[in-house]
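To keep things clear, I will list the structure first and then write my remarks on it.
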Amino acid sequence: MFYSIRHITQFRYSAPVRESVMEIRMQPRSEGPQTLRSFQISTNPRAQLYAYTDHLGNAVYHFNLLREHEELRIDAQAVVEIGLISPLPERLDDLEWGRYNNFNLHDDHFDMMGASKFARMSPELAAFMRIAELEKPQGDPLTALVKLMRGIYDSFEYESGITEVHSPIEHALGERRGVCQDFAHIMIAIARSWGIPTRYVSGYLYHKGARDRSRADATHAWVEAWLPSLGWVGFDPTNNIMPRERHVRAAVGRDYADVPPTRGTFKGVADSELSIAVSLEPTAAPVRHEDFLKVARPMSSATPTYSMPERLYHHQQQQQQQ
Amino acid sequence: MLSRVADSLYWMARYIERAEHTARVLAVKLESMVEQTPEDANASWARVIEALTGDTKPAPHDAFATTRRLAFDRENDGALITSLALARDNARQVREALSNEVWEYLNRLYLRLSPVTMDSIWVHSPARLFREALEEMHALEGVTYSTLSHGEGWYFLELGRHIERVQLMGRLLDVHFRAAQDGTTGPKYFDWLVLLKFCSAWEPYTKRYTASIRPQKIAEFLLFDTEFPHSICFSVDRVTEALARVAPGAPPARRAAVERLAGRLKAAVDFGQVDDLMSGGVAGFLADITRQCEKIHETLYASYITYGAETVL
Amino acid sequence: MQQEAFANTEDFGGPDIVAVSGNNARPGIDPPYARYELGKPYDEMFAPDGRPRLPYAALDARLSTLSLEELNRRQQACEQSFLHQGITFTVYSDNQATERIIPTDLLPRIVTAKEWDRIERGLTQRILALNLFLRDIYSDGRVLKDGVVPRTMIYGSKHYRREMRGLPVPHGAYVNICGSDLVRNEAGDFVVLEDNLRVPSGVSYMLANRDVVRRAFPAVFRTMGVRPIEHYPLELLATLRSLAPFHEDVSIAILTPGVFNSAYFEHAFLARQMGVELVEGRDLLVNDNVVYTRTTSGLKRIDVIYRRIDDDFVDPLIFREDSSLGVPGLFNAYRAGNVMIANALGTGVADDKAVYAYVPRLIRYYLAEEPILENVETFLCREEKSLKHVLANLDKLVVKAVGESGGYGMLVGPHASQAEREDFARKLKADPDNYIAQPTIQLSTAPTFVGGGVEARHVDLRPFILHGSETKIVPGALTRVALKRGSLVVNSSQGGGSKDTWVLNQ
């Protein structure tokens, strides 16, 4: 199955800014059943793009723009092929827990077991785990994770605008509402508390039918947990499904902080307004670009930061020297 | 040279010049006060205040309070101590671009003046402190001249010093020559003498014109004398000279923009005629020179300090 | 202009003051040592019987000929000189900025050639091992796989920079500038208290102290054969140069947080001494992965940055977004190999209190050698046996939280109440990984001029190690001294001063 993806990000500034610097994590990964067939990225104003692969294997593009600009647009297009996905077993045997040992666990796993910026234990999370009966995993790891995904799906309403890109999970836990990013962070924190290496996946979802709660015109996020006998297995707590051929993976990390689609800074004093448009279609269907760019809340991308007020600047200078 | 360093050197020199000017005016004013009637002294204070701060309040001027405000009031942006503090702050930011001697001299001068209060100087000889400060600042100038390489940094200091001096001198002259037009409260013989002293010009002036004090000669001397270091013409020459020496590697188009302005300024001074000015044109002339200096400041910054990085790649 | 007070002291060409007279002043009895207390800690100057140790004989002889007034005068001249040079740091409180000097003590601290030899070899060995360790944890993680150092300790460290994984650094040298704190124990042996591997400071004080103290005791200085340290800036420059892949026209800059930083004097001092640019983040920009400074003539490329700002602030694009001190894009230029940064990022992971405890094991692991300089004995509460020992001896030990500094999360057993100890025991049992414990350390004492005379004060020793294509240690150090009687706290922020340190040829 082929998908054609288009992801447009547009920043508009209230006053001219200069020296924009930006990193982009949008290129779909090419591994397992997913193969990247083509990828193009361009910016307006035009900038020289550079790329590197980060320590998690994500492709990162970056560029800088010296001259003054009031608008910055990033246009990424990809064609991805999703191959045959072998079916998962219904359940695993109970010995699976014992397989989380030093023989099986490697460097990649250890980093996905501790607390990270957004996925960490807190009294609010502990309270939620008590109420939802998720304190201890039930059954084998796969069964327990499926139950966890279901638990989060049942306990939270999907509603955008309640939380922001930088919201800690406590926000969503308090409201019992949130978006894919919040649900992923909650699931990661709980699974890690059970001793299961779990990571954050940012990517795209091909929406089909009304069952999916997430928004079709935005990027998506879910989690992957590591099972010794199966490897990394995906869970989408937003939609209560196991990612199969409809999920396109772009980047993996400990949590959102590792993999924002864009992260940038600029110089100048201006407010910025962010618009994002995402489309994902089976490639047989032609992609229409005309009418889908509209102002959205900065949900899946952090706005660039502008220069500091003078006072804070002085304050930071006073940092301690050893 | 780093743009930020050039910026700090330039402002350091401007603030030192401002401090020196304030110290000189206060020293002369306090020394000459005793020889004036209260009314004359009051009118003279009013001119000093206007020249140093731009304030034009006609109220009676208390010498103690005014001196405190002009010298030691840290809330006052133009006070002597504020200027010195700002000069020192700028110097501290570019210590690596200054000689040890310059920094230490300036630092010591600040540390010495910083704790001084009006009460501690007023009883005996209030002018003495400002005389001493003035001497220290002359010495600082000498230390700077003889310990710092006369490279780009030095020329940014020169630019700061003389652009500031043109503006300070311009205001001082403007205040006096405008008052002379008014007639009633206008400067008297003694005031013209004091004006020359405000500019360290008394002796050089008499050497040139004898002791006959005439406003027209004073204007000629303070505006157009090419050799006297506190004349407008002298400072303009230094500015022109310095502009030719800074930012040697800058793109030619940018250098041309700055030098064009310098040429225009020099022409204005070189071809200025005191006869044309005396019928009320001094103010207009000074305003024009000041405006041109401001324009040079802006262009200097746009060309060498705050330019967009993309324009030089 | 006023002359420095001691430019013409009688010490110049004075009598041969090393010819010691028969009757020495005795500590605790005769001036200037009337108030000198010899206690249990090792004393740098006096042997337990009250006689001056041999290296201090000349200094002792000189001191006994000077009046207290004269000593006082010289002490003040030292401080005056610091103030005028602007060797000050700024203390902020109640919106008021006060400038203070770090007091310099008039009396030098002396280290013999033999002692120095051991320190030099020990620190060289240590920095080699620490750099190998950093290279390892940012590449294969062999030391983690072999179980020598627990993984959670590294991955849980807030100073571990995942961005550094797999990035090569020149000569494998992550730590290029290191300042290790040594103390002398009761037996008179130097042991390492901590390593500062991020942005160690104080080297300018080492140099400035030498400048004033040499002028205070010129004849003593000449006769004793003190090894020079003035070439430190040259060595630092060579170390920084060695990081660039090419060797001509290397453009070097020191990156400072700015004039409000407490160590700004040092940043400017080093820039001047080396003849390199002193830049702030706002002076730099990155274009197409190349770092430039803004100069009046245009943009100038920078090849090596000696940064004096923390990892977190280096690049707001990668690390702290709200950093206004750093340079957006700097890390990617670094990743691309277009600029070298000293110290490398992520070195802080190797200087926290828990990793410190592993350094002797790291030396054995990487170098197959025994450590030349010992650590202060440290109990890792994550190890069951140690935890038991710590819990049983809480009244004798100092317990520290691993991730904290500046005295937070610390229990000083001998000074704590029973309730405090019990409370801490609970914390220890709940989260043993987070704690280490050490016996209370008795720093050695050294003669220090405090107003009325010469008294004993506790000191430590911070030598500075340079490590690029080769390792260099200038024979000198910053001796920090706790100016309060009995105090063991040498930090400048808490009433500490510093001393010139004389490393002898003999």
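The chains referred to below are lettered A, B, ... by the order of the sequence lines, with proteins before strands, and numbering in each begins at 1.
Using a 4.0 Å cut-off between charged nitrogen and carboxylate oxygen, C:Arg294 and C:Asp283 do not count as a salt-bridge pair. A salt bridge links B:Glu241 with B:Arg238: the closest approach of a Lys/Arg side-chain nitrogen to an acidic carboxylate oxygen falls below 4.0 angstrom. With salt bridges taken as basic N to acidic carboxylate O contacts below 4.0 Å, one links B:Glu259 and B:Arg255.
Interface remark: B:Val94 contributes backbone atoms only to the contact with chain C (heavy atom separation under 4.5 Å). For chain B, the nearby parts of C:Leu83 are the backbone and the side chain; heavy atoms of each come within less than 4.5 Å. Heavy-atom distances place both the backbone and the side chain of C:Gln85 under 4.5 Å from chain B. Proximity to chain C is limited to the side chain of B:Asn107, based on heavy atoms less than 4.5 angstrom apart. Contact of C:Phe269 with chain B is not made at all, since no heavy-atom distance falls under 4.5 Å. Residue contact with chain C, scored on non-hydrogen atoms closer than 4.5 Å, involves the side chain of B:Phe156 exclusively. If you measure heavy-atom distances from B:Leu111 to chain C, the contacts under 4.5 Å come from the side chain alone. With a 4.5 Å cut-off on non-hydrogen atoms, C:Leu278 touches chain B through its backbone and its side chain both. At a 4.5 Å heavy-atom cutoff, the contact between B:Leu98 and chain C is made by backbone atoms alone. Contact of B:Glu152 with chain C is made through the side chain alone, with heavy-atom distances under 4.5 Å.
Between chain C and the options B:Glu136, B:Arg88, B:Arg4, heavy-atom pairs under 4.5 Å are most frequent for B:Arg4. Contact count against chain B (heavy-atom pairs under 4.5 Å) is highest for C:Asn287 among C:Asn287, C:Leu285, C:Leu270, C:Thr256. In terms of heavy-atom pairs under 4.5 Å with chain C, the best-connected choice from B:Ser3, B:Ser303, B:Ala250 is B:Ser3.
In B:Arg245, the CZ atom is not crowded: 12 or fewer heavy atoms of neighbouring residues, nucleotides or ligands sit closer than 6.0 Å.
B:Glu164 contributes atom CD, which lies 8.0 Å from atom OG of B:Ser83 (distance to the nearest 0.5 angstrom).
Side chains of B:Arg254 and B:Thr311: a donor-acceptor N/O pair is present below 3.5 angstrom, by distance only.
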